[in-house]
Asks: 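Have a look at the structure that comes next, please.
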Amino acid sequence: MEFANTLIDWLRPDWFLNLVVISDDYNRARYLAGLWMTVKLSVLSIFFSLIIGILGAAVQGAPSRALRVLVGAFVAFFRNTPPLVQLYFFYFAIGTILRITGENGLPQPLISNFGWAIIALSLFAGALNVEIFRAGIEAVPRSTVEAAEALGYTRLQIYRDIVLPLAIRISLPALGTNLVNLVKTTTLAYAIAVPELLYISAQIWSEDLNVREMMNVLLVSYVGLVAILVWVLHRWEKTLRIPGYGE
Amino acid sequence: MNNYIKTAIAAAVAAVIGSSAFADTLQDIKDAGKIVVGVKQDYKPWGYLTSDGELKGLEIDLARDVAKRLGVEVELVPVVASNRMEFLQQGRINLIIATMGDNPQRREVVGMIEPAYYAGGTNVIAPKAAGLNTWEDLRGKDVCALQGSYYNKRVTQLYGPNLVAFAGIPEVSSALQNGSCVAFLYDNTWIESQIASDDQWADYVMPFETEDPQAWAIAVPLDDLDSAYGKQMSEIVTDWHKSGYLLERNAENGIAPSPFLQEQHDKLQ
């Protein structure tokens, strides 16, 4: 039967060894560079989106109404528009304004496509993180905060030493989902020619005409990357767990 | 490519096409009353969108002529380099007329119709001020390109530019004009017609010798290459050359005279 033969062909180990991303030096180097680029994009955007989330959530609880409105507007804008559109907006609209004159009198962009990808992805995921942390903060029992106030803690101390540590624990599951999403969203950087995994794979399959093979490689790569992230998050969740709290 | 993969892909394709493998595509098209043609919509003046949103250009004329000769309607589907062969394999389109270069690797995937209907080579468009003189000047520089173009690999391996490849020509044009790259690696036919016809390229030049000439072929699904459908397409292209139809449409679309077209026309007289 045709189908069985196909299946057997696919299951052969030498088929795996003959994947162009393994057997061909040129393609392997490119694939690894793409993988590394995706890792860099993911780690940097996760880092900055967490900072944005923590700062944003802190400001949302601030006494200044103007600041709260500002953060609200930021969250609404970045949460309610498609990330691909944001990326195009940054790269092709803002990027056109932010440029310097190079040595031969030609314009040069101030921020590279990689830079814009980090900025756009961090802001997008950051806006969602603000809401996730806010939910966590609001779930911290009011009585806990009052107890800290009674002990003479300042506003900043309460946020840093009591509310945030508890809020992070409560937020972790939702945060994990968002960060996993962020890793997958890095594929959008393809649109502004950041040579990440999807970009490199598309280059390889248009040259070698091996679309199915590269699609499988891509899927496996992302399953692997996300698995690592999920494992780290689970470890973190486990380390932070306070026996008896939230159970 | 490895034989196992080839067998696997061929088997998968055969399984997908399955029942229609022995069917008569030409008859199917006539029965459906329309032929679906994959065309470019960003390759002025071969296939492009007018300000009214209408598809026009040399290849659009060719697609319409194919339909007219078959006595059916034409449906135009915009394609790009990285998806057109997949579309044809999947049966989403019946025919590719989309500035596609003919090469041995692609011949394993789609049915390239002979004779070729056009020919182009590889060059770059760059600002005059960039001061590029030879292909070697590209080494280490950011060079814009289109995702899926056949010359990306060859030029990267020969001259070592850092390719910045986008999905479509508008994105590349914007990136080039923003200075995100020093040049745009593309087909000399497109570059020549742009520099000649569009004011936005007034300060740009095509600085190199055109390399790696490639014939452009229209394509049918691989299984149809030797069927009545493939043979009919081949006859149509031959007639386009012989009758001078291609020369005439080339001029009518404002494209510089093509030595390749003239040569083919003279050969068939």
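Computation of the quantities below employed the complete heavy-atom set of this structure, encompassing side-chain atoms and omitting hydrogens, waters and symmetry-equivalent molecules. Chain identifiers are assigned alphabetically (A, B, ...) following the order of the sequence lines, protein sequences preceding nucleic acid strands; residue numbering begins at 1 within each chain.
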Asks: Can you tell me which portion of B:Val164 sits under 4.5 Å from chain A's heavy atoms? Options are side chain, backbone, both or neither.
Replies: both
Asks: What pair of heavy atoms forms the shortest contact from A:Phe92 to B:Glu171, and how long is it?
Replies: CE2-O, 3.5 Å
Asks: Which residue pairs pass the side-chain hydrogen bond (donor to acceptor under 3.5 Å, both in side chains) test with at least one member in residues 173-187 of chain A, sequence neighbours excluded?
Replies: A:Asn129-A:Asn178
Asks: I need the residue from A:Ala191, A:Gly95, A:Pro109 with the largest number of non-hydrogen atom pairs under 4.5 Å to chain B.
Replies: A:Pro109
Asks: Would the distance check show the side chain of A:Tyr199 and the main-chain N or O of B:Ala165 forming a donor-acceptor pair, the cut-off being under 3.5 Å?
Replies: yes
Asks: How would you list, by chain and number, every residue that makes a ring pair (Phe, Tyr, Trp, His ring centres under 6.0 Å) with A:Trp205, sequence neighbours excluded?
Replies: none
Asks: Return the option, out of B:Ala175, B:Ala130, B:Ala167, with the maximum number of heavy-atom pairs under 4.5 Å with chain A.
Replies: B:Ala130
Asks: What part of A:Gln203 gets closer than 4.5 Å to chain B, counting heavy atoms only: side chain, backbone, both or neither?
Replies: side chain
Asks: Relative to chain B, which segment of A:Tyr190 carries a heavy atom at a distance below 4.5 Å: side chain, backbone, both, or neither?
Replies: both
Asks: Highest number of heavy-atom pairs under 4.5 Å with chain A: which of B:Gln177, B:Gln157, B:Met85?
Replies: B:Gln157
Asks: Nearest heavy-atom pair of A:Asp208 and B:Gln105: which atoms, and what distance?
Replies: CA-NE2, 4.0 Å
Asks: Output the option from A:Ala193, A:Ser112, A:Ser206, A:Ala202 having the highest count of non-hydrogen pairs under 4.5 Å with chain B.
Replies: A:Ala193
Asks: Tell me, with the steps shown, if A:Tyr91 and B:Ser180 meet side chain to side chain donor-acceptor pair (under 3.5 Å).
Replies: CA-CA 10 Å; A:Tyr91 188 70; B:Ser180 299; 3.2 Å; yes
